[in-house]
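Below is one structure, written out as structure tokens, with a few remarks after it.
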Amino acid sequence: MTEAGESHEAARLAKLQAIEALGIDPWGGRFDGHMPVASVRALPVNPESPAAARIAGRVVLRRVMGNVHFLDVQDSSGRVQVMLGKKQVGELGWKLAQELDLGDLVGVDGTFGATKTGEPTVFAREVAMLAKSLLPHPDKHSGMTDMEFRLRHRYLDLTYNAETMDRARQRVMLVRAMRRHLDDQGFLEVETPTLHAVAGGAAARPFATHHNALDIPLVLRIALELPLKRLLVGGMEKVYEIGRVFRNEGISPRHNPEFTMLELYQAYSDYRGMMDLTEGLIHACATALRGSGKVTFGEAEIDFTPPFERATYAELLARHAGADMADPTSLERAASVRGIDPAGKHPDVLAQLLFEQEVEHRLKGPVFVHDYPASLCPLTRRKRGNPAVAERFELFVRGMELANAYSELNDPILQEATFRQQLAGLAEDDSMARMDDDFVRALRHGMPPAGGLGIGVDRLAMLLTDTTTIRDVILFPLLRPERGPQER
RNA sequence: GACCUCGUAGCUCAGUCGGUAGAGCAACGCACUUUUAAUGCGUGGGUCCUGGGUUCGAAUCCCAGCGAGGUCACCA
């Protein structure tokens with residue numbers, strides 16, 4: 001801490017002691033009976049018999065006019081001006097008023113009215129100290145704009161940037177809308193383990209950890225899929241989980257190492273059923289947040305009104321990459337032309353590389369891309385009459401993969417074979433290629449045919465709150481820890 | 001991981017050609033009972049991200065590192 005910072009803090013510590021000297025606890029306590037600021041502001045203004053008002057919140061602005069102080073007090077519902085007059089708040093209250101700083105938390109009891117300039121105001125009779133703020137707060141005019149500072153002090157960001165608080169609330173509403181939609185359709189919400197012995201259900205690198213008492217290595221889950229499908233075996237026919245998954249991979253405006261997934265499984269459905277369900281679910285979320293299926297995103301408008309566009313993987317690959325998914329020679333040629341070295345790569349891997357490079361960013365969507373190369377989808381049922389194609393779709397919106405779904409593979413013999421198959425071109429530590437014996441055993445007991453769906457909740461939140469970086473729809477995204485003073 | 005940009009007071013930011021470190025807000029002091037980013041007068045506050053180099057002299061130029069942002073690559 002620099003000397004300047006210390007001088008700010010020293011001044012506040014001196015006030016803290018002054019407050020204690022008045023016999024007032026600077027850390028406050030229970031303050032019953034207060035109203036949201038927004039409700040106070042809605043009270044009628046009647047000078048004849050002014051309404052009682054009692055609020056609690058943070059002092060975000062202060063104008064000292066000699067024997068009268070004006071405070072702007074903010075709570076989670078809004079801001080209102082408070083007038084503290086020397087004659088009105090009594091001797092002790094007035095002494096306390098001298099010691100208030102920006103950022104302090106106060107309770108105010110008084111009446112509601114308007115000043116002569118018409119400003120809605122709580123005229124204080126009593127002021128209560130609820131918590132002293134010992135550190136200076138951001139500039140009252142320019143606020144805080146530095147991205148890193150905002151992320152490292154999210155509490156200040158929430159306090160001083162209304163958009164941050166709004167987005168946080170919208171996200172809560174989104175998850176709530178999701179739950180309501182699924183609950184209404186008879187889905188059961190469950191919680192499955194975060195600590196797994198084997199990372200499965202997705203292609204990603206896991207975080208490794210260790211359990212001391214059992215002395216076993218564990219990983220943090222990278223997907224919800226395998227436990228949920230065990231529940232299908234167990235007879236939960238419609239089941240979902242909204243939970244955090246962890247992938248030990250890069251950070252970008254669209255990627256955080258921990259993020260929230262919705263996964264759901266519906267017995268006796270398939271990926272077509274999941275398309276219908278996805279459309280209904282996302283439309284319901286959009287409507288809950290933005291009032292309709294049409295949402296603005298930057299300069300553009302995204303229309304989530306069903307039905308969404310549908311296109312097969314093969315036709316998109318042919319259109320944008322000039323490659324025939326069913327013809328290895330064609331794939332190799334297209335790959336070479338586009339700077340991808342085809343040597344030693346499985347044709348399906350080439351197809352996927354081409355798809356990612358040439359197709360994905362062109363998909364403004366929402367568009368269901370369906371019928372994937374089978375070897376990319378080891379947990380997916382093959383298309384009837386065409387074992388090279390998997391009954392899978394991904395939903396793309398603005399070049400971003402938003403949802404992933406398939407007809408679940410319930411054939412344990414094929415599942416085991418798929419697990420054993422090493423795909424050329426996939427990394428050695430790729431979790432898709434890892435065997436989960438216990439899961440295969442569960443399948444052997446009989447899993448109903450089912451549709452399964454995964455949605456990236458953070459990404460949906462981005463699209464529905466018009467936010468371009470995932471770090472602004474996650475309250476505490478991962479940052480490199482600040483170095484402590486002792487390390488400098 | 002690669003490339004580009006940024007890092008100066010508590011916050012937001014200037015800082016010219018390399019020549020004593022600046023502003024607004026915040027803080028401190030004084031005045032003020034109806035202000036709206038209150039106002040007026042005065043005062044204090046700096047490891048210019050860190051380390052090295054060039055130079056008589058570096059916030060400024062060079063190198064390395066750290067942190068962040070953006071773009072690209074990969075995962076959703």
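Reckoned from all heavy atoms, side chains included, excluding hydrogens, waters and symmetry mates. Protein chains get the first letters and strands the later ones, always in sequence-line order, with residue 1 at the start of each.
Side-chain atoms of A:D157 and A:T164 include a donor-acceptor pair closer than 3.5 Å. A:R171 and A:T260 share a side-chain donor-acceptor pair at under 3.5 Å.
Comparing B:rA68 with B:rC62, their P atoms are spaced 24 Å from each other, to the whole Å. Comparing the P positions of B:rG15 and B:rC6 gives a spacing of 12 Å, expressed to the nearest Å. Here the separation of B:rC13 from B:rA21, taken at their C1' atoms, is 14 Å to the nearest Å. Comparing the same atom, P, in B:rC48 and in B:rG65 gives a spacing of 22 Å after rounding to whole Å. Spacing between B:rU60 and B:rG19 at atom P, rounded to whole Å, works out to 11 Å. Going from the P atom of B:rC3 to that of B:rC17 covers 28 Å, rounded to whole Å. Atom P of B:rG18 sits at a distance of 13 Å from the matching atom of B:rA59, rounded to the whole Å. Across the P atoms, B:rA9 and B:rC4 are found 26 Å apart, a figure rounded to whole Å.
Pairing of B:rA9, defined by two Watson-Crick or G-U wobble distances under 3.5 Å, is not identified with any nucleotide. In a base pair of the Watson-Crick type (N1 to N3 plus N6-O4 or O6-N4) or a G-U wobble (N1-O2 and O6-N3), with each distance short of 3.5 Å, B:rG42 is matched with B:rC28.
Applying the salt bridge (Lys or Arg N to Asp or Glu O under 4.0 Å) test to A:E408 and every residue at least two apart in sequence or in another chain returns A:K229. With sequence neighbours left out, A:D276 forms a salt bridge (Lys or Arg N to Asp or Glu O under 4.0 Å) with A:R310.
Among the atoms of the strands shown, none is found under 4.0 Å from any heavy atom of A:R79. Residue contacts for A:R254: at a heavy-atom cut-off of 4.0 Å it reaches a base atom on one of the strands shown. Using a 4.0 Å heavy-atom cutoff across all strands shown, A:K116 reaches at least one base atom of the nucleic acid. Note on A:Q81: a base of the nucleic acid sits closer than 4.0 angstrom, heavy atoms only. At a threshold of 4.0 angstrom between heavy atoms, the contacts of A:V64 include nucleobase atoms, whether or not backbone atoms are also involved. Using a 4.0 Å heavy-atom cutoff across all strands shown, A:E249 reaches at least one base atom of the nucleic acid.
Nearest nucleotide to the A:P253 side chain, out of B:rA27, B:rG70, B:rG67: B:rG70. For A:K140, taking side-chain heavy atoms from C-beta onward, the closest of the listed nucleotides B:rU33, B:rA38, B:rC11 is B:rA38. If you check B:rU34, B:rU36, B:rC25 against the side chain of A:T117, the one that comes closest is B:rU36. Closest to the side chain of A:K87, from the set B:rU33, B:rA27, B:rU36, is B:rU33. Taking every side-chain heavy atom of A:R480 into account, B:rG67 is the closest of B:rU12, B:rG67, B:rC28. Comparing atom distances between the A:F123 side chain and each of B:rA27, B:rA38, B:rU34 picks out B:rU34 as nearest. Here B:rU12 is the nucleotide among B:rG67, B:rU12, B:rA38 with the atom lying nearest to any side-chain atom of A:S142. Among B:rC28, B:rU36, B:rU34, the nucleotide with an atom closest to any side-chain atom of A:D101 is B:rC28. With distances taken from any side-chain atom of A:R62 to the nucleotides B:rG10, B:rA27, B:rU35, the minimum falls on B:rA27. For A:V68, the listed nucleotide lying nearest its side chain is B:rU33; candidates were B:rA27, B:rG70, B:rU33.
Between A:F368 and A:F393, the ring planes lie perpendicular to each other; the angle is over 60°, past the 30° to 60° tilted range.
Judged by distance alone, with hydrogens and angles left aside, A:D139 brings no side-chain donor or acceptor close enough to the base of B:rG10 to form a pair under 3.5 Å. Taking 3.5 Å as the limit, the base of B:rU35 and the side chain of A:T115 contain a donor-acceptor pair of atoms between them. The base of B:rU34 has none of its N or O atoms less than 3.5 Å from a complementary donor or acceptor on the side chain of A:E119.
One distance of note links OG1 of A:T115 with CZ of A:F123; it measures 6.0 Å at 0.5 Å rounding.
Nucleotides of RNA chain B nearest to A:P138 and A:K86 differ in position, and the one nearer the 5' end is that of A:P138.
Proximity of a side-chain donor or acceptor of A:D104 to a complementary backbone N or O of A:S133 within less than 3.5 Å is detected.
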